[in-house]
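One structure below.
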Amino acid sequence: MDGTAGAIFDDVEIGQDIPTLVKGPMTTAHIMRWSAAMENWHRIHYDWKYATEHDKLPDVMVNGSWKQHVMIQLLSDWVGDTGWAWKVGFQFRGMNVPGDTLTAWGRVTGKQERGAWGVVDLDIGLRDQKGNEGTPGTARVVLPRRGGPPVPYPFDPAVLG
Amino acid sequence: MSEMVPDYITPAVRAVIGAVSPPQLATHPVEPSEIRRFHQAVMDHAPRYWDEAAAARYGGVVAPMGFPVHAHRRAEDQEDPLAAMDRPDFDGVDRALRPGLPEVVVPLKRLMNGGYEYELFRHARPGERIVLRSRYADIYQRNGRTGPIVFVVIEDSYETETGERLLLSVNTMILR
Amino acid sequence: MSAVVTGPSDAEAQAFLDSLIGPLGEDVTTLVELGAVRRMALCMDDFDPIHFDEAAAKARGYRGVVAPWPLLWLYFFTCTIYEHDFPFGKATVHGADEYEFHEPMIVGDVITVRTAMVDAKLKHGKSGRLGQVVSERRFTNQRGELCAVLRTILFRR
């Protein structure tokens, strides 16, 4: 098929790290680009005086709404156009500011065959250049088995049985 | 002890728990330039967002999976979101946390996004108008060392105009 | 140390400016999108329904939802990339713009933007030597109708 071939269920091992995704160093321009594209007016993303004086933050903030798509991209890069990122959840616990370089990571915690496909569970996160974990979460993806049928699209969990 | 901590889950707040928005139709269809601005801002350059041949699985180019979460823009009869910006304490965010839902009236100033739980089914495609249905699933208070914290749990369902489901979301917003 | 005139002579500077005249880059096409039209209208507080509502626009004789003219600047910034490495002067500043408005741009139109440098001359002002360059963007719709002409004057000093 065209598109990007992603991971195959048979090759996945519990404990395995999936390829990381690095973003940054982040700058105010990156934050502005995202906020403008989303028409997000939350002042902590562009008004330094408000962020630091009113909200007592260390700087303007990298958008949580942006980080979530980095987490989704981490998974979609791994499963490619042959698997499916089915479930993803995370908490925004850490703050990130201009200057931070963020690394999204995932580690396989479980795998099981379901129907003609395989389901893989992961712990995911987003850490800054100092190693601080800011966005802990979990994910569940569906992968094809070697020689098996592709994961149906649009994805319907009912196919897993 | 927390006897002195005020209870912000007033009857008025409790009354909006369970509130459901009428279906909110996006003001315009998903557009190629929006997809471009989104994937460029995320710095996700996967060809499925811009190369028809690479997007064959999806029937053509698609928006990034999380795109519908931000697809609802200001309607022309809606108040200018910048109208209150001259108030130095206004943070720029409407306390009606979704279009079509009532405001959560709590006298707490700082709003933070606590996180999301997503279930993903299908990408939105150019030309499709996204329909959002939202519900305040829960609103509750916890009293931390720094004072009271109010959690607003919002369930969102995103579909196409023809009823094909795109994704489900549970979002926790935090007021403190 | 005496003041030394550095850089090219006037003749060399004028020759460089002359070399700029002509087409700039390839023609670029862009789709007029409803969301972009709405966004531009809203940020200018222009609530005329012809920018939001197809029926309202048609009732006023337009083919469809009408783009506010400042949307030309979206296409200016997204459709044309050019840089000049002037061999003289220190800064390039935006001097002025001139517009011609013709056939309205309508949502769904595919606009072709053709860019050319139409004038470039060397001037001598009180503050010294000044290059004045005029670029012209012609915006044409898929029906071959001229929608607008935008001339942008830049000064190099």
Side-chain angles (χ1 to χ4, degrees), chain A residues 1-4 21 23-24 30 33-47 49-50 53-56 61 63-73 75-77 80-82 84-93 95 135-140 150 153-157, chain B residues 33-34 36-48 51-59 64-67 69-74 80-82 84-85 88-94 109-123 164-166 168-172 174:
Chain A
M1 66 165 277
D2 295 312
T4 310
L21 177 64
K23 304 282 184 183
H30 292 89
R33 179 167 62 182
W34 174 256
S35 295
M38 296 306 103
E39 299 176 32
N40 176 331
W41 307 112
H42 199 170
R43 219 162 187 152
I44 61 171
H45 302 306
Y46 55 86
D47 185 337
K49 197 170 188 302
Y50 181 91
E53 292 180 12
H54 183 277
D55 268 14
K56 314 279 187 240
M61 291 287 111
N63 311 62
S65 59
W66 176 84
K67 293 184 216 173
Q68 66 178 326
H69 300 293
V70 175
M71 308 305 284
I72 294 173
Q73 187 195 347
L75 300 166
S76 62
D77 281 358
D81 295 312
T82 48
W84 188 250
W86 173 20
K87 292 183 177 183
V88 53
F90 34 78
Q91 297 178 332
F92 298 124
R93 290 203 190 148
M95 295 188 292
T135 312
T138 58
R140 170 167 280 197
Y153 178 87
F155 180 68
D156 180 356
Chain B
S33 75
E34 282 186 304
R36 176 184 59 77
R37 294 196 305 150
F38 189 110
H39 83 76
Q40 287 179 347
V42 177
M43 296 175 273
D44 176 356
H45 303 295
R48 70 181 78 91
D51 180 353
E52 293 288 343
R57 179 200 198 190
Y58 312 101
M65 198 53 235
F67 180 96
V69 179
H70 313 283
H72 282 70
R73 309 285 188 216
R74 176 188 170 198
D80 187 342
L82 307 191
M85 280 294 180
D89 65 336
F90 179 58
D91 65 3
V93 184
D94 193 339
K109 290 284 183 228
R110 275 182 68 179
L111 180 73
M112 295 183 301
N113 194 330
Y116 289 90
E117 298 284 336
Y118 286 123
E119 185 171 10
L120 312 171
F121 305 110
R122 176 186 178 286
H123 290 272
E164 288 187 67
R165 63 183 177 177
L166 298 168
L168 297 173
S169 158
V170 181
N171 175 211
T172 303
I174 299 170

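The structure displayed is predicted, hence computed values, not measured ones. Chain A is the first sequence line, chain B the second, and so forth, proteins listed ahead of strands; every chain is numbered from 1.
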Between the OG atom in A:S76 and the CE atom in B:M65, the distance rounded to the nearest 0.5 Å is 10.0 Å
Can you tell me if CZ on A:R93 sees more than 12 non-hydrogen neighbours from other groups inside 6.0 Å? no
Assert top hit (heavy-atom pairs under 4.5 Å, partner chain A, pool B:R37, B:R74, B:R110) equals B:R110
Ranked by heavy-atom pairs below 4.5 Å to chain A, first place among B:V93, B:N171, B:N113, B:L111 goes to B:N113
One should read off an interatomic distance between A:M71 CE and B:Y116 OH, to the nearest 0.5 angstrom, of 14.0 Å
When the 4.5 angstrom heavy-atom criterion is applied to A:A139 and chain B, the contacting part is neither
What one should report as the nearest heavy-atom pair of A:S65 and B:H70 is CB-CE1, 3.7 Å
### Message
Contact between A:H54 and B:F90 at the side-chain level, heavy atoms closer than 4.5 Å - yes or no?
### Response
no
Honestly, the part of B:H123 sitting under 4.5 Å from a heavy atom of chain A is both
With sequence neighbours left out, the residues meeting salt bridge (charged side-chain N to carboxylate O under 4.0 Å, His left out) with B:D91 are B:R95
Cut-off 4.5 Å, heavy atoms of chain B, and the answer for A:H30 is side chain
Heavy-atom side-chain proximity of A:D156 to B:R165 below 4.5 angstrom | yes
Rounded to the nearest 0.5 angstrom, the CZ-OG1 distance for B:R48 and A:T4 is 6.0 Å
With chain A, the option among B:E164, B:E117, B:M112 that has the most non-hydrogen atom pairs under 4.5 Å is B:E117
Turns out that what part of B:L82 lies under 4.5 Å from chain A's heavy atoms comes down to side chain
Turns out that what part of A:E39 lies under 4.5 Å from chain B's heavy atoms comes down to both
Distance col, row A:M38:CE vs B:H72:NE2, nearest 0.5 angstrom, shows 13.5 Å
- Query: Do B:D89 and A:R43 sit within salt-bridge range, that is, some charged N less than 4.0 Å from a carboxylate O?
  - Reply: no
Review point. Taking the six-membered ring for Trp, are the ring centroids of B:F38 and A:W34 within less than 6.0 Å of each other?
Key: yes
If one checks every heavy atom of B:M85 against chain A at 4.5 Å, the contacting part turns out to be both
Checklist line | A:K23/B:D44 under salt bridge (Lys or Arg N to Asp or Glu O under 4.0 Å): CA gap, chis, key distance, verdict | finding: CA-CA 10 Å; A:K23 304 282 184 183; B:D44 176 356; over 6 Å; no
Bottom line for A:Y50: the part with an atom under 4.5 Å from chain B's heavy atoms is side chain
Scanning both residues in full, the closest heavy-atom pair of B:Y58 with A:Y153 reads CD2-CZ, 3.4 Å
Okay, A:H42 and chain B: the region with an atom under 4.5 Å from a heavy atom over there is both
Note: B:E119 and A:P157 closest approach over all heavy atoms is OE2-CG, 3.6 Å
